[in-house]
Amino acid sequence: NEMLKGISNQLYDVFGADYKYYVENVEQKLTKPCFTIDSIIPLQRSRSRVLYDRTIPVVVHYFTGDKENTKKDCYEKAELIVEALEFVPFHGSLLRGENISWQIIDDVLQVFVTYKFITRKIISNEDNMDVLELPNMSID
């Protein structure tokens with residue numbers, strides 16, 4: 001959620017309040033022009049007991065409001081979106097987008113980007129083993 005929020009904020013900084021930004025699925029009645037932001041098949045790989053590599057592919061859909069110049073509008077927006085998604089704020093730092101690509105299908109611009117980062121699991125002290133007490137033994 002934090003990443004999707006960061007992407008949405010990046011797009012808002014570039015395109016402003018004239019566009020709608022959706023991170024939840026909206027089946028019908030999108031207010032155009034708008035963006036939808038979705039995560040696609042996130043991957044987590046364990047490095048150790050507490051460290052994990054995360055890979056989160058994201059797709060941003062742009063629905064134009066310009067019915068007469070749809071492709072032209074999509075081409076112009078593609079460059080701006082790619083630039084906006086290169087660095088996204090995330091937990092006080094910036095994530096760099098990788099493998100950025102885009103295509104236009106059925107008059108909808110789709111921009112794909114992948115973010116990779118390392119995350120750490122917080123383990124409470126309650127999970128630690130209790131102190132083991134041994135009886136006093138003398139060794140001769």
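Values below: all heavy atoms of this structure, side chains included; hydrogens, waters and symmetry mates excluded.
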Original post:
Are any non-hydrogen side-chain atoms of I7 and Y115 less than 4.5 angstrom apart?
Top reply: yes
Pair up each side-chain donor or acceptor in residues 85-102 with any protein partner under 3.5 Å, not counting sequence neighbours, and list the distances.
residue : atom : partner : partner atom : Å
E86     : OE2  : R96     : NH2          : 3.0
S93     : OG   : F90     : O            : 3.3

Original post:
Taking C-beta and beyond as the side chain, do K5 and N1 meet within less than 4.5 Å on heavy atoms?
Top reply: no
**OP:** Answer with yes or no whether the hydrophobic clustering places L109 together with V82; edges join I, L, V, M, F, W, Y residues whose side-chain heavy atoms lie under 4.5 Å apart.
**Re:** yes
**OP:** Indicate, with yes or no, if Y22 and Y12 share a hydrophobic cluster defined by side-chain heavy-atom contacts under 4.5 Å among Ile, Leu, Val, Met, Phe, Trp and Tyr.
**Re:** no
Subject >> From Q103 atom CD to C74 atom SG, the distance as rounded to the nearest 0.5 Å >> reply: 11.5 Å
**OP:** Enter the distance from Q44:CD to I56:CD1 here, rounded to the nearest 0.5 Å.
**Re:** 9.0 Å
Subject >> I104 vs K71 side-chain heavy atoms within contact, under 4.5 Å >> reply: yes
Original post:
Would the number of heavy atoms belonging to other residues, nucleotides or ligands and lying under 6.0 Å from CD1 of I40 be above 12?
Top reply: yes
Identify every side-chain donor-acceptor pair in residues 61-69 under 3.5 Å, counting partners at least two apart or on other chains, and give the distances.
residue : atom : partner : partner atom : Å
H61     : ND1  : T36     : OG1          : 3.2
Y62     : OH   : D73     : OD2          : 2.6
T64     : OG1  : D66     : N            : 3.0
T64     : OG1  : D73     : OD2          : 2.3
D66     : OD1  : E68     : N            : 3.2
D66     : OD1  : N69     : N            : 3.0

**OP:** State whether the number of non-hydrogen atoms from other residues, nucleotides or ligands found under 6.0 Å of D13 atom CG is greater than 12.
**Re:** yes
**OP:** Give the cluster check for V111 versus V108: same hydrophobic cluster or not, with ILVMFWY residues linked at side-chain heavy-atom distances below 4.5 Å.
**Re:** no
**OP:** Can you label the angle between the F35 ring and the Y21 ring as parallel, tilted or perpendicular, going by 30° and 60°?
**Re:** parallel
**OP:** Using the rule that two of Ile, Leu, Val, Met, Phe, Trp, Tyr join whenever any of their side-chain heavy atoms come within less than 4.5 Å, decide whether L4 and L11 are in one cluster.
**Re:** yes
Subject >> Residue list, salt bridge (Lys or Arg N to Asp or Glu O under 4.0 Å) with R47, at least two apart or on another chain >> reply: D53
**OP:** Give, for atom OG of S48 and atom NZ of K121, the distance between the pair rounded to the nearest 0.5 Å.
**Re:** 9.5 Å
**OP:** Taking all non-hydrogen atoms of both residues into account, name the closest pair between P57 and P42 and its distance.
**Re:** CD-CA, 4.1 Å
Original post:
Would V60 end up clustered with V23 when hydrophobic side chains under 4.5 Å apart are linked, directly or stepwise?
Top reply: yes
Subject >> Validation row: Y19, C34 side chains within 4.5 angstrom (heavy atoms) >> reply: no
